[in-house]
Amino acid sequence: MDNNYDSNDYYQNTSSEGGSKYRLNQSSSDTDLSSNQGASQQNTYNTNPYGGQNPYGNQNPYGNQNPYGQNPYGGQNPYGPNGGFYGNQNSAAVPMPHAISDAAVNDVLVKSFLVMFMALLITGITALIAAQADFIFKAGPVGIIVCFVAELVLVFAATSAMKKNNVMMSAVLFFLYCVVNALTLSVIFYVYTSSSIAQVFFITAIVFGIMAAAGYFAKMDLTKLGNILLIGLIGIILGSVVNMFMHSSGFDMFLTIAGIIIFLGLTAYDVQKIKKMASSNIGLDPMVIGLYGAMQLYLDFINLFLRLLRIMGRARR
């Protein structure tokens, strides 16, 4: 009978006996699976299990006429030309995330900068009122510590509200944070002259705007740079704690300059991050993204302003 495995058989002749169970290149041998002789009968699978005339030949479920086209993921399969969930002909497919237009991304950035401007305005006015009311002296060390703790709590609470896509709660907590932050910042009116504070503020606005533009137009991905800057920021915080005991003016100046560099870089990084969040939004309200961006930019601006003020501000006499 015909050999079950014909000319295309991949089993080689390795038997030491006179005849192999599986003969190579023998189109019509008289061997069967147990000997080289036997009754002749037609192999169900013809030349080989996957050959031309077997029951699964050109008409097999996966052949040219199979319901999915030329291959399981071919041209006419019900999931579209590319065989994926996002194919052009897929009537029941999961919708592909639509591309966010540049106008929508820019709208989120505009929201971020407008909210940041409002936050800075609230901070400035509140700090000026607190200075005139001698808040620092009336609150004392305990009051200042309470304000610092409240700032941390409000930042974490605002971030949590943003993750929950709660626009109203995010806005309330963020602006409340700005008010509390202004109470602690009011001390600068006792240390520096009002004219130097105003000058440094405008200088900060200029360099901040330059770095924000750099982040907006940057073609390179600033993610790695942002990670390095965040590590540097942690280093500055730890260095500041150490210098509280060292009282080194030289080390303090080094930390101040390093802080300026870091927050300039973070400004560019955060602007690009806001763009990425807006362009790949998967469900957050655009206003929530705008608020998140505003909080990041606000923190960058305030920290940059304070460090520039330490270098350029004129002290009261």
Side-chain angles (χ1 to χ4, degrees), residues 97-127 129-130 135 139 143-186 204 208 211-212 215-216 222-223 226-227 229-231 233-234 236-237 262-263 265-306:
H98 64 279
I100 306 297
S101 66
D102 291 341
V105 173
N106 291 336
D107 182 61
V108 173
L109 280 169
V110 169
K111 286 184 173 68
S112 294
F113 281 101
L114 285 176
V115 174
M116 184 198 74
F117 174 78
M118 293 172 59
L120 290 174
L121 188 62
I122 291 172
T123 300
I125 294 174
T126 305
I129 295 173
F135 170 80
I144 300 301
I145 293 175
V146 170
C147 287
F148 278 122
V149 173
E151 287 181 38
L152 293 175
V153 172
L154 288 170
V155 166
F156 284 113
T159 303
S160 177
M162 292 171 189
K163 290 180 180 179
K164 294 178 181 179
N165 207 27
N166 191 326
V167 178
M168 183 60 67
M169 184 60 67
S170 300
V172 170
L173 291 172
F174 174 51
F175 287 123
L176 185 58
Y177 163 76
C178 294
V179 172
V180 177
N181 188 44
L183 298 178
T184 58
L185 288 178
S186 63
T204 303
F208 179 88
M211 295 309 298
Y216 179 83
L222 301 179
T223 301
N227 293 334
L229 293 172
L230 290 174
I231 293 173
L233 179 59
I234 295 173
I236 288 179
I237 295 173
I262 286 174
F263 284 106
L266 284 175
T267 299
Y269 165 73
D270 284 333
V271 170
Q272 187 179 86
K273 184 169 70 172
I274 296 168
K275 284 182 62 180
K276 289 181 179 180
M277 290 181 64
S279 61
S280 60
N281 182 24
I282 56 174
L284 290 178
D285 190 290
M287 192 62 213
V288 168
I289 300 177
L291 283 166
Y292 175 81
M295 186 170 68
Q296 299 301 312
L297 296 175
Y298 172 86
L299 293 172
D300 293 338
F301 188 98
I302 291 296
N303 282 282
L304 181 61
F305 167 70
L306 291 176

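Partners of Phe208 under the ring-ring contact (aromatic ring centres under 6.0 Å, His included) rule, at least two apart in sequence or in another chain, are Phe301. The side-chain hydrogen bond (donor to acceptor under 3.5 Å, both in side chains) check on Thr159 picks up nothing, with sequence neighbours excluded. Taking Asn166 as the reference, nothing meets the side-chain hydrogen bond (donor to acceptor under 3.5 Å, both in side chains) condition, with sequence neighbours excluded. Residues satisfying the salt bridge (charged side-chain N to carboxylate O under 4.0 Å, His left out) test with Lys273, not counting sequence neighbours, are Asp270. Legend: residues meeting side-chain hydrogen bond (donor to acceptor under 3.5 Å, both in side chains) with Asn106, ordered by chain and number and at least two apart, are Tyr216. Partners of Ile125 by side-chain contact (heavy atoms from CB on, under 4.5 Å), not counting sequence neighbours, listed by chain and number: Leu121, Ile129. Taking Leu229 as the reference, Leu225, Ile262, Leu266 meet the side-chain contact (heavy atoms from CB on, under 4.5 Å) condition, with sequence neighbours excluded. For Asn227, the side-chain hydrogen bond (donor to acceptor under 3.5 Å, both in side chains) test picks out no residue, with sequence neighbours left out. Evaluation of the side-chain contact (heavy atoms from CB on, under 4.5 Å) rule for Ala171 yields Phe175, Leu291 as partners, not counting sequence neighbours. Remark: Ala157 engages Leu173 in a side-chain contact (heavy atoms from CB on, under 4.5 Å) (not counting sequence neighbours).
Residues in residues 111-125 take part in these salt bridge (charged side-chain N to carboxylate O under 4.0 Å, His left out) pairs, two or more places apart or across chains: Asp107-Lys111. The side-chain hydrogen bond (donor to acceptor under 3.5 Å, both in side chains) pairs that include a residue from residues 167-184 are Glu151-Thr184, Asn181-Tyr298, where partners are two or more places apart or lie in different chains.
Scanning all heavy atoms of the two residues, the minimum distance from Gly293 to Ile274 falls at CA-CD1, 3.4 Å. What you find for Ala182 and Thr126 is that their closest heavy atoms are CB-CB, 3.5 Å. Contact between Cys178 and Ile122 at its shortest, heavy atoms only, is CB-CG2, 4.5 Å. Scanning all heavy atoms of the two residues, the minimum distance from Asn303 to Leu299 falls at ND2-O, 2.7 Å.
Expressed to the nearest 0.5 Å, how far CG of Leu176 lies from CE of Met169 amounts to 10.5 Å. With values rounded to the nearest 0.5 angstrom, Phe148 atom CZ is found 11.0 Å from Leu183 atom CG. To the nearest 0.5 angstrom, Thr267 atom OG1 is 13.0 Å from Gln272 atom CD.
Under a 3.5 Å cut-off, the side chain of Ser112 and the backbone N or O of Gly290 do form a donor-acceptor pair. The closest donor-acceptor contact from the side chain of Ser160 to the backbone of Phe156 lies at 3.5 Å or more, if one exists at all. When atom types are taken as modelled, the side chain of Ser279 and the backbone of Lys276 share a donor-acceptor pair closer than 3.5 angstrom.
Within 6.0 Å of the CZ atom in Phe117, the count of heavy atoms belonging to other residues, nucleotides or ligands does not exceed 12.
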Open item on the list: Under the criterion side chain to side chain contact (heavy atoms under 4.5 Å, CB included), I'd like the reasoning laid out for Val115 against Phe174: C-alpha separation, chi angles, the key distance, then a yes or no.
Closed with: CA-CA 10 Å; Val115 174; Phe174 174 51; 3.7 Å; yes
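Each of Leu306, Ile302, Leu304 was scored for a side-chain contact (heavy atoms from CB on, under 4.5 Å) with Thr204, with one residue passing: Leu304.
Counting only heavy atoms from C-beta outward, the side chains of Leu233 and Phe263 approach each other to under 4.5 Å. For the pair Met295 and Met162, the minimum side-chain heavy-atom distance is below 4.5 Å.
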